[in-house]
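Step one of this worksheet: look at the structure below.
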Amino acid sequence: MGLSGVMYIYLPIAEVSVNAFILLGLGGLVGVLSGMFGVGGGFLMTPLLFFIGIPPAVAVATEANQIVASSFSGVLAHLKRKNVDFKMGGVLLIGGLIGAGLGVFIFNYLKSMGQVDLLVKLCYVVFLGIVGGLMFIESLGALRNANKSNVLIKKRPKRTWIHVLPFKIRFRVSGLYISAIPPVLVGILVGILAAIMGVGGGFIMVPAMIYLLGMPTRVVVGTSLFQIIFVTAFTTMLHATTNFTVDIVLAVLLLVGGVIGAQFGTMIGSKLKAEQLRILLAAMVLLVCGKLAFDLVIQPSELFSLGKVSGH
Amino acid sequence: MTPPLEVAITVASPLAPVTVRRKEKRLGIWVNVDSVTVDLAPNFYAVATTGPFSDVVSKVEDLRYKISVPQMIRLVSAPVDVDDPTVFAEAVSRIRENLGLYQTLPNAVVLQDDTLFSSSVRLPANLVEGEYTARIFLTRSGKVVATHQTSIDVRKVGIERWLYNLAHEHPVYYGLMSLAIAIFAGWAAAAVFRLVRGA
């Protein structure tokens, strides 16, 4: 057997043979990025898996499983430093579970109509476009203002519509007394995204926790990781039992690469400037978004596709 | 002098229906629009012959015995809302040929003697398990003079088979196992990270 025979590994659920080093490399690359930028990386990994020929339904479900691992790994450090607001995490989780259920329902309905690949890719184009665009503009502005004297005006959170809603709960760790409705809604939105896109949703949840709920930044990351573990675990179970699309061999290979990559990422990240880092990440997000959009617009070489007969 | 004896061998997986979808441009992007269910098609099909296929089996005999790849794809109940259902059946054979699931192998049967022959067919990794059917046709100047049929039990092996079957037959256990592996990996990664930092 030649070397090429050794490198290729058959993924039992995706039912494709892929070069094992490419998977380890992808895991490593996204691991480096998540270590550098402190992001989960699911929103980059899932589209990269599309590009190497993993069926989108398998990529989404397998990423959910992989995010369980990376969030669990991440939350341990935050637990030690007591940076997790369990009560807020629980309220977000209620929304998250409802959202994940809804998301898998939408996912399976569109799958039966043969439109799920399109749904997943369109969601990615929209969200990567928005997140990448905003990040790019913000970091360009930050680079320009870097030379000027930095005047930070720290404002107390004002009383807004958030504070007049009913079902108020006291969140001691976060030092908040707010309605349960906004966190539940944030949870639902993130749960839907987790189920459809195979992401943890930190890139939506973290800003929502800071700007919308007014949580102190100290507890934001730990609390969001805590919620993400359970939502992605629930999503994994739903996809595994209704679509049979969780590929554990793929998940393990990505994990191994990711764990090693994250170590290097943290080292590189501490040596670069924050603004340079962000503009780099923004460029990468926009590049992936552009490639996905391009693939939707140009005529595919094969117009036909085969699928299992539904209800079979 | 009588023309030489030729051999055609086919190997087919169990037949199953398949949904074929066609993309069209809608609002600037390519979207699945029409779909046709092809009633029966094998997931895997190989036909090996001693010479070029058309020399070994005539058109008439192919229609009668259904030997070549296109003959294996059956489109019985064509939908009324699609004008050209046959292109959907052609798409099945084109896509599966590109995936190596349908194989036409001329000159792949070796006659070792007047009556002894051998041939080998490579099965892809993503095959469907089940009772495969092998057919052997003896032909002379394109006409079938004898046929033989036998079944081959095809199974995957090893951990791939175990995982595939667990995922489809006991998805709850498979899901829980996947989560357990993920949690363990996450914990192990954090533990290794602490060690590296501590050192």
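Note on naming: letters A, B, ... go to the chains in the order of the sequence lines (proteins, then strands), and numbering restarts at 1 for each one.
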*Is there a side-chain contact between A:S305 and B:N32, using heavy atoms and a 4.5 Å cut-off?*
yes

*A:L303 side, atom CG; B:R22 side, atom CZ - distance, nearest 0.5 Å*: 8.0 Å

*Select one option (side chain, backbone, both, neither) describing which atoms of A:V16 are under 4.5 Å from chain B's heavy atoms.*
neither

*Taking A:Y10 for the side chain and B:A125 for the main chain, is one N or O donor matched with an acceptor at less than 3.5 Å?*
yes

*Below 4.5 Å, heavy atoms only, C-beta onward: do B:W30 and A:D295 meet side chain to side chain?*
no

_pair A:F304-B:R21: side-chain heavy atoms closer than 4.5 Å_ = no

*Measuring heavy-atom distances to chain A, does B:R161 have an atom under 4.5 Å in its side chain, in its backbone, in both, or in neither?*
neither

_Heavy-atom contact with chain A under 4.5 Å, split by part of B:V192_ = neither

*Donor-acceptor under 3.5 Å (B:W187 side chain, A:F72 main chain)*: no

*chain B contact via A:V249 - which portion, at a heavy-atom distance below 4.5 Å*: side chain

*Measure the CD-CG distance between A:E15 and B:L99 for me, rounded to the nearest 0.5 Å.*
11.0 Å

*Please state whether the side chain, the backbone, both or neither of A:K80 comes within less than 4.5 Å of a heavy atom of chain B.*
side chain

_Tell me whether the count of non-hydrogen atoms from other residues, nucleotides or ligands lying under 6.0 Å of CZ in A:F51 goes above 12._
yes

*asked:* Less than 4.5 Å to any heavy atom of chain B: does that hold for the side chain of A:D247, its backbone, both, or neither?
replied: backbone

*asked:* Among A:L255, A:I298, A:V75, A:L238, which residue has the highest count of heavy-atom pairs closer than 4.5 Å to chain B?
replied: A:I298

*With a 4.5 angstrom heavy-atom cut-off, could you sort out which part of A:A251 is near chain B: side chain, backbone, both or neither?*
neither

*Engaged part of A:L76 at the chain B interface, taking heavy atoms whose separation is under 4.5 Å*: side chain

*asked:* For B:K25, is the NZ atom crowded, meaning more than 12 foreign heavy atoms sit under 6.0 Å from it?
replied: yes

*Do you know which of A:N65, A:V68, A:L118 has the most heavy-atom pairs with chain B at a distance under 4.5 angstrom?*
A:N65

_Minimum heavy-atom separation for A:I13 and B:Y164, please, with both atom names._
CD1-CA, 4.1 Å

*A:L306 portion near chain B, given a 4.5 angstrom heavy-atom threshold*: both

*Which region of A:Q66, side chain (C-beta onward) or backbone (N, CA, C, O), has a non-hydrogen atom less than 4.5 Å from a non-hydrogen atom of chain B, or is it both or neither?*
neither

*Can you tell which of B:L163, B:I95, B:I159 has the highest number of heavy-atom pairs within less than 4.5 Å of chain A?*
B:I95

*Side chain, backbone, both or neither: which part of A:T236 has an atom under 4.5 Å from a heavy atom of chain B?*
side chain

_Are there over 12 heavy-atom neighbours, none belonging to B:R122, within less than 6.0 Å of that residue's CZ?_
no

*Say whether, by atom type as modelled, one donor and one acceptor occur between the side chain of B:E160 and the main chain of A:L11 under 3.5 angstrom.*
no

*A:L296 versus chain B, heavy atoms under 4.5 Å apart: side chain, backbone, both or neither?*
both

_Does this structure show an ion pair linking B:R94 with A:E302, if we count only N-O contacts that are shorter than 4.0 Å?_
yes

_Atom group of A:I260 that falls short of 4.5 Å from chain B, counting heavy atoms_ = neither

_Toward chain A: residues of residues 171-185 of chain B with heavy atoms under 4.5 Å_ = B:P171, B:V172, B:Y174, B:G175, B:L176, B:M177, B:S178, B:L179, B:I181, B:A182, B:I183, B:A185

